[in-house]
Amino acid sequence: MTKLFLPDTEATQQLGITLGQDLTAGTVILLEGDLGAGKTTLVQGIGKGLGITDSIVSPTFTLINEYTEGRIPLYHLDLYRLEPQEVTGLNLESYWEGMEVIPGIVAIEWAERMPYLPDSYFKVCLTYGESGTRQAEITAFNCEMINDVLLQPRGNY
């Protein structure tokens, strides 16, 4: 597990930009954290890092937003309003297996509502700190940890 101190919103977005620049197609990022902890901000940064120019907004009511004009596609999902049995019907594995879509990065907010998980993924838990700070805990499951990506001196996070 890697812990990162994020002093402000810009640092959260910069972390996302770094991830978007370096992660590969097929990467799944499961995002957890309280409302307002920075999950969507992180995904917005990932989109910028991928070269996506569309405005990235939380898909709380649409459930899934697909952005395909970047370096690789970004699939942004939000499970906040769903119960685990409702999530099952979404066939989320089609996104991380690239069965019906072009393989890309899959970022899932409120991933703790998923009744099943992909074979490999990164879990990012965002928590509040003092004075608007955040902390990100990133854990790799059955995939190479992204320490090399995170430790490159690119931004302030």
Side-chain angles (χ1 to χ4, degrees), residues 1-82 87 90 92 95-96 101-114 117-118 120-141 143-157:
M1 173 177 29
T2 299
K3 289 186 180 184
L4 299 171
F5 174 76
L6 305 168
D8 52 30
T9 301
E10 290 76 23
T12 303
Q13 191 167 73
Q14 183 58 51
L15 171 60
I17 290 169
T18 299
L19 294 174
Q21 290 171 338
D22 292 327
L23 293 178
T24 59
T27 301
V28 179
I29 303 168
L30 305 182
L31 299 156
E32 297 181 3
D34 292 331
L35 281 171
K39 296 179 295 294
T40 300
T41 300
L42 184 69
V43 176
Q44 289 168 338
I46 292 170
K48 283 186 178 185
L50 290 169
I52 294 169
T53 57
D54 286 347
S55 178
I56 294 176
V57 296
S58 180
T60 301
F61 295 101
T62 58
L63 302 181
I64 301 169
N65 288 338
E66 299 180 0
Y67 305 93
T68 57
E69 80 278 2
R71 176 176 63 84
I72 56 176
L74 171 62
Y75 304 106
H76 184 194
L77 296 81
D78 187 324
L79 307 178
Y80 179 71
R81 298 182 319 111
L82 301 178
V87 174
L90 294 176
L92 299 179
Y95 283 93
W96 58 72
V101 297
I102 298 168
I105 294 175
V106 181
I108 304 174
E109 295 189 38
W110 300 96
E112 61 269 24
R113 297 173 191 259
M114 294 174 62
L117 299 171
S120 64
Y121 58 94
F122 294 103
K123 183 164 106 176
V124 179
C125 294
L126 294 162
T127 55
Y128 291 108
E130 296 179 18
S131 303
T133 63
R134 305 275 193 277
Q135 180 173 305
E137 291 184 4
I138 304 173
T139 309
F141 292 88
C143 54
E144 292 182 34
M145 190 54 183
I146 52 178
N147 285 332
D148 293 339
V149 171
L150 297 175
L151 296 176
Q152 292 175 21
R154 290 206 200 154
N156 184 21
Y157 58 79

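Computed from a prediction, not measured in an experiment: that's the story for all the values here. Heavy atoms only: backbone and side chains are in, while hydrogens, waters and symmetry mates are out.
At least one side-chain heavy atom of Leu92 sits less than 4.5 Å from a side-chain heavy atom of Leu77. Side-chain contact check for Arg81 versus Trp110: every heavy-atom pair is 4.5 Å or farther apart. Contact annotation: the side chain of Ile29 approaches that of Ile46 to within less than 4.5 Å [non-hydrogen atoms, C-beta and beyond]. Considering only heavy atoms from C-beta on, Ile105 stays 4.5 Å or farther from Leu19 through its side chain.
In this structure, Arg134 contributes its side chain and Ala11 its backbone to no donor-acceptor pair below 3.5 Å.
Residues Cys143 and Ser120 come closest through the heavy atom pair CB-CB, 4.0 Å. Residue Gly20 comes nearest to Leu50 through the heavy atom pair O-CD2, 3.2 Å, listed as atom of the first residue, atom of the second, then distance. When all heavy atoms are compared, the tightest approach of Ala136 to Leu15 is CB-CD2, 4.2 Å. The shortest heavy-atom contact between Ile102 and Tyr75 is O-OH, 2.6 Å. Of all the heavy atoms in Val87 and Arg113, the pair that sits closest is CG2-O, 3.8 Å. Residues Thr62 and Asn65 come closest through the heavy atom pair OG1-OD1, 3.1 Å.
In this structure, Tyr121 and Phe141 have parallel ring planes: the angle between them is below the 30° cut-off, well short of the 60° mark.
The structure places CD1 of Ile138 at 12.5 Å from NZ of Lys123, a figure rounded to the nearest 0.5 Å. Separation of atoms NE2 (His76) and CD1 (Ile64) is listed at 11.0 Å; rounding is to 0.5 Å.
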When the side chains of residues 35-44 are checked against the rest of the protein, which donor-acceptor pairs come out under 3.5 Å, sequence neighbours left out?
unit_1 : atom_1 : unit_2 : atom_2 : d
Lys39  : NZ     : Gly33  : O      : 2.8
Lys39  : NZ     : Asp34  : O      : 2.9
Thr40  : OG1    : Glu109 : OE1    : 3.2
Thr40  : OG1    : Glu109 : OE2    : 2.7
Gln44  : NE2    : Ile56  : O      : 2.8

Tell me, with the steps shown, if Leu74 and Ile52 meet side chain to side chain contact (heavy atoms under 4.5 Å, CB included). CA-CA 9 Å; Leu74 171 62; Ile52 294 169; 3.7 Å; yes
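Sorted by first then second residue, the side-chain hydrogen bond (donor to acceptor under 3.5 Å, both in side chains) pairs that include residues 46-58, not counting sequence neighbours, are Gln13-Lys48, Ser58-Thr60, Ser58-Asp78.
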